[in-house]
Amino acid sequence: MKIGVVMGSTSDWGVMKAATETLAQFGVESETKVLSAHRTPAELEAWVGGLRDRGFAAVIAAAGGAAHLAGVVAAFTTLPVIGVPIKARALEGIDSLLSMVQMPSGIPVAVVAIDGAKNAALLAVEILAVTDPSLKEKMDAFRKQQADKVLASTLD
Ligand code: RP5
């Protein structure tokens, strides 16, 4: 199954590259789009609405400012939506974080840290790994590699 990655602007790509790179590292196919909840609402609805039938399992949605993109994506699908608040030019990204994390009851968005693109991808891989044993093995290996690095670290 595939993961959709959508961001509100090309200016989000510098952060969001880490999500597509991480998905690729696990061999997970993804489709990346620049679509905006306020600038291209019709095109966003059309893309999100077709994802389940096209074999997608989850969507990562990234935006900055009044970041309603993830909530709007979640409104158009019952696939899991992972929101990445982008640190935009004002307010250090707090506006993005709050607008994603404070979704009203009934339409959930799983929100990662500000600029947390890598964790969004890892969470998407974990969702796929629930039903994909080979991905679970890769995730276990990733965790072990990470742990080994900490345990081998030394202080000057
Ligand atoms: C949001 O506004 C985008 O997701 C971006 O983070 C922010 C600024 O967009 P640009 O003005 O750089 O296109 O919609």
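Indexing begins at 1, ligand by ligand and atom by atom, following the structure's order. All of these numbers come straight from a predicted model, not from anything done at the bench. When reading the values below, keep in mind they use all heavy atoms of this one structure, side chains included, and skip hydrogens, waters and symmetry mates.
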Of G8, G64, S36, the one whose closest heavy atom lies nearest atom 1 (C) of ligand 1 is G64
Hey, which atoms in ligand 1 end up nearer than 4.0 Å to a heavy atom of [X]?
{"X": "H38", "answer": "14 (O)"}
{"X": "D12", "answer": "3 (C), 4 (O), 5 (C), 6 (O)"}
{"X": "R89", "answer": "8 (C), 10 (P), 11 (O), 12 (O)"}

**Report entry** K136 and D140 ion-paired at < 4.0 Å
**Finding:** yes
Do [X] and [Y] have side chains that get closer than 4.5 Å, going by heavy atoms?
{"X": "K33", "Y": "E43", "value": "no"}
{"X": "T32", "Y": "M7", "value": "yes"}
{"X": "V81", "Y": "I107", "value": "no"}

R143, CZ: over 12 other non-hydrogen atoms inside 6.0 angstrom: no
Is the number of heavy atoms from other residues, nucleotides or ligands under 6.0 Å of K2 NZ greater than 12? yes
shortest atom 10 (P) of ligand 1-to-protein heavy-atom contact is with S9 OG, 3.5 Å
Nearest non-hydrogen protein atom to atom 12 (O) of ligand 1, with distance, is S11 OG, 2.7 Å
- Task: Consider every N or O of I86 and every N or O of ligand 1, then say whether any pair is closer than 3.5 Å.
- Result: no
